Amino acid sequence: MGEISVSDNKQWMTDRVSDSSWIQEFDSDPSEKEKCYINVAYPYPSGAMHIGHGRTYIVPDCIARFWRMRGRQVLYPMAFHVTGSPVIGISKRIARGDEKTVALYRDLYKVPPDIIDSFSDPLAIVEYFSDEYQRVMQRMGLSIDWRRRFTTIIPQYSKFIEWQYHHLYNQGRVVKGAHPVKYCPHCENPVGDHDLLEGDKADIIRFIFVNFEADDFQIPCATLRPETIYGVTNLWINPGVMYVRALVDGKFQLLSREAADKLSMQKHEVSITGELNGAALVGSMVSHPLCGSVRILPADFVDPDMGSGIVMSVPAHAPYDYIALLDLQKSGKYTDIFPIPLIEVQGYGEVPAMEAVNRAGVDHQLDPKMDQVTQEVYAAEFSRGKLLPICGEHAGKPVRVAREDLAEVMEREYGSIWFFDFDTHPVVCRCGSRAYVYILDDQWFLTYSDPEWKREVHHEIEKITFVPPEVRTEFDRTVDWLKDWACTRRVGLGTRLPWDQNWLIEPLSDSTVYMAYYTIAHQIGDIPAESLTPEVFDYIFLGRGDPQGLDRATLDTLRSEFLYWYPYDFRFSAKDLISNHLTFQLFHHRALFPDELQPKGMVVFGMGLLDGAKMSSSKGNVFLLDDAAEEFGEDTVRMFLVGSAEPWQDFDWRSDLVSSTRKQIDRFIGYIHESKKATGTNRIDAWLASRLQRRIVVATESLEYFQTRQALQEAFFGIESDLKWYRRRLPANMPGGSILQDLADVWVRLLAPIIPFTCDKLFGELGHGGPVSYAEWPEPNPGLIDPEIELAEELITRTVEDIESIQKIIPFTPSKVMLILAPSWKLEVFRRVATAEDRRMVTKELMKDEAMRKRGKEAANAIQQATKLIHGLPPGLVADICSLSFDEEVIFSEAASFLEEEFSVTIEIISAEESTHAKAGMALPFKPAIIVK
RNA sequence: GCGAGUGUUACCGAGAGGCCAAAGGUGAUCGACUCAAGAUCGAUUCCCGUAGGGGUUCGCAGGUUCGACUCCUGCCACUCGCACCA
């Protein structure tokens, strides 16, 4: 009767969610109230939401609900990021019937078949899942203002992005440059690491070609160490490889076919004119102005797929070259070639490569230690090496300087070009084709490398509130580390660059200031995009100019709405976005908005695990939020997600723990229902009331600091455990006083941000009108905090624990417990010891007292005992014992019947002075001597 | 490899110089209720102990201190990021 079970509650939730007033309950407009604007990184709706996403949106929801109850005007908006190319790939795969993709959408995301068919249109995917996201978010009770929903490809938003880039361009923050990218010639598109089948860890390395002159052509050798040209003794060519002659940028060159292919991808004119076997060149002479004539020697280790396929040999400093030369010379050939040292490095003799090889005991090229030896020599020379006199004008320079200088000389004087390649092979596109390094030469960049811009962002970071505070250093490091960012793409969905329509603005670059767009999103949806000129946005966001084509009243409304909400108070996101999105948005805000509108705070989330394993849609290791809500209930899912770990910690979804969360909610409902029957008063009511005030204080502070777990610990488990003790202390068969009704009233509000559905229903049952979402957050009543009664109760609990621990080890069933209370002079000792500046001097001090001295050894013992006791007590408790008044005799007399019942014994309370028991001397303040019989 | 972080008792997770054998939750065991199961409630859950005590623990190895889970050094393991990708 009147009890709601979980299943009833579920019906309630369903009703509540389909009730449209619930949906509009959180539409939020400027008001006289203080505002609180929080927002989250919006989702890319290419698939269904899982519990990891769930937490990302539920945590801010709890915070939003908390501040709303505290009287703030809260804005929590949501939109969908639709820019980019992933859905294009997905729709192509679905269109061609790729089984893995279709299975993912059909089986895991449970998309109906006819809808999957429509997914050959990429827009259909994002539209479907945007609606799905909204549906599930509403189901979960997220307190979002849905009027402000948009996607990033609507014309109005594009106009907003145009405004943003218009400014960035004028500020010189968007510049054109060449940029090497991983590229798939088959897809005719740059490929990101996630697009790769193999080689996703491969780095792009920049080599320089050193051109050696042969009879009627050049032989380029790729190197990272152009300074070693002074020590070249020969070239290596693979005699078993067919090389090509090619016209490269108008010059005849000989190189491997692979190298020719690669060069053609790197903005070089390459036409192949013939072939030549490597063996045919062995023994011939080539020359370079900086090293003179050298011979071409055969080497099987030369890989045509590395560099140009021909290698310049510096045996004095390159262990591979040294060993290869040695091998040849063992058979008596080329014994006239000697290593030519050009670098001196501390810790090595004249020929570092030889030394390192000998030291490592390497005697042939295939030794696995070779890579390590090479690394060692390179590192030593790079960090400590200096060029020798043989290097002419570069003599004496550190290697790291000479390297750059010589590269420049090569480029300028000797026609060298840069050559890009991967550090590891192979690199294969998802389509199965080999990927190459490709030079995009008209790519647009955001100049994040600009030192002045970085400096300004660092300055903002100093002022921002970070949760948790440790992430601040990570932001600073990211700012330092950022280079220019290629901000445009050829393919995908998005906004075109206003001044260069061939390019689209890339997804991470069109999502940096949309928090400002939210503030007006619901009001500009009806304005034709053509009217939304940069001047209009200047007026709205910067309060500048006199735009035509839109009436002033509208403009002023938009302007004031923006100014009401901005700057935002907190942005929430998972920690993996620190190194790009979260930092980018600081850069953009800094570039576009004045000081007073800069971001104020950021909350960074941990990651989600599912039964201890990382969640991953592609591996099928996900649990959909919708399914979770179905199986466990919305509030259970919410409570688990915000309560199992603090937001910034990783959380692990484990079904067994989730089930017990559900029981906890049921228990809570039970307590609230029981409270309705409570009437009258009891002695311990004041204690419960006092504790409750403290719970309110801690729960409130916790939520202010985004500690959802801590808040739940206090607001649920803390109150529950108080309640358990309270009921234990109630006289037998008493139902509990009307204090329980007050507690219920507070409790329901405290948990409302976390489990809103349950609390909303209970709130109504408790006789309140209106949704709990807008109920007042409980204020602690200082008048109800009663330290003395809490102290008295503390004495009881400690004594109960002591009796229990004695009872546990005695081998008989007790029938009587004697409590021997310490005499009042011991309390005096306790207090004086506790408050003494120097505890070692206490004995002396106390013994000055005539009354003490009369007690002699007894007093000295008491001082020692008290010192030990104080040492083992929490400092706060010691302070209370010193400052508050309490009468142990009264406290125990009042608790006697409780103790008798609790232990099924008779209780005798006696003061130490009256007792002759041997233990009577053990009695101390707050620690009576206990005798169990 | 580089950058940022983390490592606590069966598990998850508090604790940040003496309050600590270390909160809370989960699981497990025992007991109460019940015809029974479930739910709920109570107790126990590092080792020893016929008295509220003692012993060994907080990734590993050292160090500072009267005293370290807490501070310092080194090592090991794990997580996140490392770029054009949401």
Side-chain angles (χ1 to χ4, degrees), chain A residues 5 41-46 81-87 179 181-182 190-195 200-201 203-204 375 440 443 445-446 448 468 470-478 480-489 492 506-509 511 574-581 584 604 606-607 609 612 614 643-646 648-652 654 656-661 663-664 666-667 670 709-710 712-714 716-718 720-721 724 727-728 798-799 801-812 814 870-878 919 922 927-932:
Chain A
S5 69
Y42 48 23
Y44 183 79
S46 64
H81 196 203
V82 163
T83 319
S85 53
V87 282
H179 182 55
V181 293
K182 292 176 185 173
V191 283
D193 285 346
H194 56 281
D195 296 323
D200 59 324
K201 285 278 174 286
D203 264 335
I204 294 174
Q375 259 311 307
L440 290 171
Q443 173 65 269
F445 289 88
L446 281 162
Y448 294 139
E470 303 89 82
V471 298
R472 173 178 265 111
T473 55
E474 212 173 334
F475 276 91
D476 274 324
R477 298 304 301 219
T478 302
D480 289 338
W481 160 88
L482 272 175
K483 296 189 283 219
D484 287 351
W485 180 265
C487 63
T488 53
R489 287 302 106 83
E506 164 279 335
L508 282 174
S509 303
S511 57
K575 66 178 168 190
D576 53 350
L577 294 188
I578 294 176
S579 66
N580 48 51
H581 166 74
F584 289 4
V604 176
M607 313 300 283
L609 300 174
K614 213 184 290 186
S644 66
E646 297 295 5
W648 46 90
Q649 297 171 323
D650 295 347
F651 78 96
D652 188 5
R654 283 181 27 209
D656 53 339
L657 295 185
V658 181
S659 309
S660 60
T661 300
K663 289 180 203 158
Q664 287 153 3
D666 280 344
R667 232 152 59 214
R709 178 190 158 85
Q710 176 69 35
L712 190 66
Q713 289 283 324
E714 275 309 302
F716 182 72
F717 298 106
E720 187 185 35
S721 88
K724 280 184 179 169
R727 295 160 129 201
R728 195 171 161 188
R798 284 179 173 266
T799 306
E801 278 163 24
D802 278 353
I803 298 173
E804 277 171 348
S805 65
I806 295 167
Q807 201 181 27
K808 214 163 38 182
I809 48 174
I810 54 173
F812 56 91
I870 287 164
H871 205 63
L873 253 25
L877 180 58
V878 172
K919 283 204 148 228
M922 298 284 287
K927 199 165 180 65
I930 298 166
I931 293 135
V932 178

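Since the structure is predicted, the reported quantities are computational estimates derived from the model, not experimental observations. First the proteins, then the strands, lettered A, B, ... as listed; each starts at 1.
Taking atom CD of Q807(A) as the reference point, atom C1' of G49(B) lies 17 Å away to the nearest angstrom. The interatomic distance linking L482(A) (CG) with C2(B) (C1') rounds to 15 Å, in whole Å. If you measure from atom CD of E720(A) to atom C1' of U26(B), you get 14 Å, rounded to the nearest angstrom. Separating the CD atom of E474(A) from the P atom of A83(B) is a distance of 15 Å, rounded to the nearest angstrom. Spacing between atom CG of D203(A) and atom C1' of C82(B) amounts to 9 Å, rounded to whole angstrom units. Atom CG of L508(A) is separated from atom C1' of C82(B) by 14 Å (rounded to the nearest Å). Distance CD1 (I578(A)) to P (U79(B)): 18 Å, rounded to an integer number of Å.
Within the 4.5 Å cutoff, the side chain of R798(A) has heavy atoms near those of the L877(A) side chain. Looking at E506(A) and L508(A), their side chains come closer than 4.5 Å, going by heavy atoms from C-beta outward.
E801(A) meets the salt bridge (charged side-chain N to carboxylate O under 4.0 Å, His left out) test with no other residue; sequence neighbours excluded. Considering only residues two or more places apart in sequence or on other chains, W485(A) meets the ring pair (Phe, Tyr, Trp, His ring centres under 6.0 Å) condition with F584(A). Applying the side chain to side chain donor-acceptor pair (under 3.5 Å) criterion to D650(A), with sequence neighbours excluded, gives no partner residue. For the side chain to side chain donor-acceptor pair (under 3.5 Å) test, residues two or more places apart in sequence or in another chain that qualify with R667(A) are E720(A). Applying the ring pair (Phe, Tyr, Trp, His ring centres under 6.0 Å) test to F475(A) and every residue at least two apart in sequence or in another chain returns F466(A).
When the P atom is compared between A22(B) and C46(B), the two are found 10 Å apart, to the nearest whole Å. U8(B) and G81(B): their C1' atoms are spaced 27 Å apart (whole Å). Comparing the same atom, P, in A32(B) and in A21(B) gives a spacing of 34 Å after rounding to whole Å. Atom name P, nucleotides C75(B) and G53(B): the rounded distance is 42 Å, in whole Å. For U56(B) and G5(B), the C1' atoms lie 31 Å apart once the distance is rounded to whole Å. With both ends at atom P, the span from U34(B) to U26(B) equals 25 Å, rounded to whole Å. Taking atom P in both U70(B) and A61(B), the straight-line distance is 13 Å, to the nearest Å. Using atom P as the reference point in both G7(B) and C71(B), the two lie 11 Å apart (nearest Å).
Across all strands, P875(A) comes closer than 4.0 Å to base atoms (heavy-atom distances). If you check every strand for non-hydrogen atoms under 4.0 Å, V191(A) touches sugar and phosphate atoms only. Within the 4.0 angstrom heavy-atom criterion, only backbone atoms of the sugar-phosphate kind lie near P190(A); the bases stay farther away. Across all strands, L577(A) comes closer than 4.0 Å to base atoms (heavy-atom distances). At the heavy-atom level, E804(A) lies nowhere under 4.0 Å from the strands shown. Counting any heavy atom pair closer than 4.0 Å across all strands shown, H179(A) reaches a base atom. Among the protein residues, T83(A) comes within range of the sugar-phosphate backbone only, with heavy atoms under 4.0 Å from sugar or phosphate atoms but none that close to a base. In this structure, A645(A) reaches neither bases nor backbone, as no heavy-atom distance under 4.0 Å exists between it and the strands shown. Among the heavy atoms of the strands, none lies under 4.0 Å from L877(A). Residue contacts shown for P928(A) include a base, since a base heavy atom lies under 4.0 Å away.
In terms of phosphate contacts, S85(A) brings a side-chain nitrogen or oxygen within less than 4.0 Å of OP1 or OP2 of A86(B). OP1 or OP2 of G42(B) lies within a sub-4.0 Å distance of a side-chain N or O belonging to K724(A). Between A23(B) and Q710(A), no contact under 4.0 Å exists linking OP1 or OP2 to a side-chain N or O. For T473(A) and G5(B), the shortest distance from a side-chain N or O to OP1 or OP2 is below 4.0 Å.
Under the Watson-Crick or G-U wobble criterion, with both distances below 3.5 Å, U50(B) is left unpaired in every strand shown. G3(B) is paired with C80(B) under the Watson-Crick or G-U wobble criterion, all donor-acceptor distances under 3.5 Å. Searching all strands for a Watson-Crick or G-U wobble partner of G24(B) with both distances below 3.5 Å returns C12(B). For C85(B), there is no paired nucleotide, since no Watson-Crick or G-U wobble pair has both relevant distances below 3.5 Å. Of all nucleotides present, only U73(B) satisfies the Watson-Crick or G-U wobble test against A61(B), with each distance under 3.5 Å. Across all strands shown, G31(B) is found opposite C41(B) as a Watson-Crick or G-U wobble partner, with both distances under 3.5 Å.
Residue whose closest nucleotide on RNA chain B sits further toward the 5' end, between S805(A) and R798(A): R798(A). Checking H81(A) against T799(A), the closest nucleotide of RNA chain B that is more toward the 5' end is the one next to T799(A).
Checking U26(B), A83(B), C80(B) against every side-chain atom of M607(A), the shortest atom distance belongs to C80(B). When each of A39(B), G81(B), C85(B) is scored by its nearest atom to the side-chain atoms of W485(A), the top-ranked nucleotide is C85(B). The side chain of K927(A) has G53(B) as its nearest neighbour among U79(B), G27(B), G53(B). Ranking A83(B), A86(B), U40(B) by closeness to the R667(A) side chain, first place goes to U40(B). Distances were taken from every side-chain heavy atom of N580(A) (C-beta onward) to each of A86(B), G27(B), G52(B); the shortest belongs to A86(B). Among G52(B), A86(B), G27(B), the nucleotide with an atom closest to any side-chain atom of K663(A) is G27(B). Considering only side-chain atoms of I930(A), the nucleotide from A83(B), G24(B), G52(B) that sits closest is G52(B). For E470(A), the listed nucleotide lying nearest its side chain is G5(B); candidates were U40(B), G5(B), C85(B). Of the candidates A86(B), A51(B), G24(B), A86(B) carries the atom nearest the E506(A) side chain, counting heavy atoms from C-beta on. For P86(A), the side-chain atoms get nearest to A86(B) when compared with the rest of A83(B), A86(B), A51(B).
Among all heavy-atom pairs drawn from F716(A) and Q664(A), the shortest one is CZ-O, 3.4 Å. Between T478(A) and I578(A), the shortest heavy-atom distance links the atoms CG2-O, 3.9 Å. In this structure, V604(A) and A574(A) approach most closely via the heavy-atom pair CG1-C, 4.1 Å.
The environment of E804(A) atom CD is dense: over 12 non-hydrogen atoms of other residues, nucleotides or ligands sit within 6.0 angstrom.
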So which protein nitrogen or oxygen atoms get under 3.5 Å of nucleotides 7-12 of chain B's nitrogens or oxygens?
from   : atom 1 : to      : atom 2 : distance (Å)
C11(B) : O2'    : R654(A) : NH1    : 2.7

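Note on D652(A) versus R654(A): no salt bridge recorded, every NZ/NE/NH1/NH2 to OD/OE distance being 4.0 Å or above.
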